[in-house]
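Quick notes on the structure that follows.
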Amino acid sequence: MSDQENVVFTQEDIDQNKTMGIIAYFIFFIPLLVEPAKNSPYAKFHANQGLIIVLVYIASSVIAIIPVLGWIASPILWIAGIVLFFIGLIGAINGEAKELPIVGQYKLIK
């Protein structure tokens, strides 16, 4: 069970910070710097999801160093990162706050 499930997103928060939720998937830290998004649970949720996707890409790059196994696993992780990016982006565009599959349960930004 994730801490994200306990957060309530008001429609007002979603409406005011939908753009920041979208931006979070391109540059995850922007919503954490801009007022009033940095105090928005909705913007923080999507910033967290964006950070997780960045970490998937970093893991993919690190794994790529490993001969043979890394060369196989790295492209799979890269494709998974692309899929997660689009799932999160579409959710933000639709004003939803659904956790990403598999990795979305981790809360790195509080």
Side-chain angles (χ1 to χ4, degrees):
M1 180 179 269
S2 167
D3 292 337
Q4 299 286 4
E5 294 174 10
N6 299 328
V7 176
V8 177
F9 303 104
T10 64
Q11 191 60 45
E12 179 183 357
D13 183 22
I14 293 169
D15 292 341
Q16 289 179 351
N17 295 292
K18 186 185 268 189
T19 303
M20 284 295 129
I22 295 167
I23 290 172
Y25 289 96
F26 295 97
I27 306 172
F28 76 89
F29 60 86
I30 295 295
L32 303 175
L33 302 174
V34 178
E35 289 288 343
K38 68 181 183 180
N39 297 319
S40 163
Y42 181 76
K44 284 183 181 179
F45 173 84
H46 286 291
N48 183 71
Q49 301 285 57
L51 173 59
I52 290 170
I53 293 170
V54 168
L55 294 176
V56 168
Y57 287 128
I58 291 171
S60 172
S61 297
V62 170
I63 289 173
I65 297 170
I66 302 169
V68 184
L69 179 61
W71 301 336
I72 295 168
S74 180
I76 293 170
L77 269 177
W78 189 261
I79 291 169
I82 292 169
V83 170
L84 292 173
F85 170 81
F86 281 108
I87 290 171
L89 182 63
I90 290 168
I93 290 169
N94 292 330
E96 300 171 345
K98 293 182 181 175
E99 292 180 346
L100 296 171
I102 302 170
V103 296
Q105 64 188 337
Y106 302 105
K107 186 173 181 183
L108 304 174
I109 298 174
K110 297 182 187 230

To the nearest 0.5 Å, what is the distance between [atom1] ([X]) and [atom2] ([Y])?
X     : Y     : atom1 : atom2 : answer
Leu51 : Phe28 : CG    : CZ    : 4.5 Å
Ile53 : Phe86 : CD1   : CZ    : 10.5 Å
Phe9  : Glu96 : CZ    : CD    : 12.0 Å
Ile30 : Ile22 : CD1   : CD1   : 14.5 Å

Do [X] and [Y] share a hydrophobic cluster, counting only Ile, Leu, Val, Met, Phe, Trp and Tyr and linking them when any side-chain heavy atoms are less than 4.5 Å apart?
X      : Y      : value
Leu100 : Ile58  : yes
Tyr57  : Phe26  : yes
Tyr42  : Ile90  : no
Leu108 : Ile102 : yes

Inset, instruction - Write out all pairs satisfying side-chain hydrogen bond (donor to acceptor under 3.5 Å, both in side chains) with one or both partners inside residues 16-25, taking only residues at least two apart or from two chains. - result: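 Applying side-chain hydrogen bond (donor to acceptor under 3.5 Å, both in side chains) to every pair that reaches into residues 16-25, excluding sequence neighbours, yields Glu12-Gln16, Asp13-Asn17, Asn17-Ser40, Tyr25-His46.
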
- prompt: Considering residues at least two apart in sequence or located in another chain, which fulfil the side-chain hydrogen bond (donor to acceptor under 3.5 Å, both in side chains) criterion with Asn94?
  reply: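 Partners of Asn94 by the side-chain hydrogen bond (donor to acceptor under 3.5 Å, both in side chains) criterion come out as none, since no residue qualifies.
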
Using a 3.5 Å cut-off and no angle test, enumerate the donor-acceptor pairs between side-chain atoms of residues 62-85 and protein atoms at least two apart in sequence or in another chain.
from, atom 1, to, atom 2, distance (Å)
Trp71, NE1, Ala64, O, 3.3
Ser74, OG, Ser60, O, 2.8
Ser74, OG, Ser60, OG, 3.0

Show every salt bridge (charged side-chain N to carboxylate O under 4.0 Å, His left out) that has at least one partner inside residues 26-35, sequence neighbours left out.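 Sorted pair list: Glu35-Lys38.
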
Going through the checks in order, is the side chain to side chain contact (heavy atoms under 4.5 Å, CB included) test met by Phe45 and Glu99? CA-CA 9 Å; Phe45 173 84; Glu99 292 180 346; 4.1 Å; yes

